[in-house]
K.L.:
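Got a structure here, written out as structure tokens. Questions coming.
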Amino acid sequence: MSFFRRNRAAVMTLAVAVLFLAQGVLREETQIVFRKAVNICMECIGLG
């Protein structure tokens, strides 16, 4: 119990982050993010 008291802000931030990740997956935004990441990588390498 003392772990949660000492790290309350970190635990709450982690919980919010997990909720946002779940919401993005449920809205099927993973493909959009993946496509953008691929385009950025291709531009950095110089192939795009």
Side-chain angles (χ1 to χ4, degrees):
M1 189 62 146
S2 64
F3 173 78
F4 291 112
R5 284 187 193 158
R6 286 185 284 138
N7 298 313
R8 187 180 313 193
V11 170
M12 292 300 291
T13 303
L14 181 62
V16 170
V18 169
L19 288 174
F20 281 140
L21 282 171
Q23 181 182 8
V25 170
L26 290 175
R27 292 179 60 185
E28 299 178 0
E29 293 180 356
T30 52
Q31 292 296 325
I32 297 168
V33 173
F34 181 72
R35 189 176 322 122
K36 288 181 180 182
V38 168
N39 288 337
I40 290 172
C41 287
M42 291 301 219
E43 289 176 5
C44 288
I45 294 173
L47 299 176

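Worth saying up front: this structure is predicted, and the values here are computed from it rather than measured. FYI, the numbering just counts along the sequence from 1.
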K.L.:
Output a table of donor-acceptor pairs, distance under 3.5 Å, between side-chain atoms of residues 28-39 and any protein atom two or more places apart or on a different chain; print 'none' if there are none.
P.N.:
unit_1: E29; atom_1: OE2; unit_2: R27; atom_2: NE; d: 3.4
unit_1: E29; atom_1: OE2; unit_2: R27; atom_2: NH2; d: 3.4
unit_1: N39; atom_1: ND2; unit_2: R35; atom_2: O; d: 3.4

K.L.:
Linking directly or through intermediates, with side-chain heavy atoms under 4.5 Å: list the remaining ILVMFWY members grouped with F20, chain and number order.
P.N.:
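Besides F20, the cluster holds V16.
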
K.L.:
For the atom pair CG (L19) and CG (L14), what is the distance rounded to the nearest 0.5 Å?
P.N.:
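Reported value, rounded in 0.5 Å steps: 9.5 Å.
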
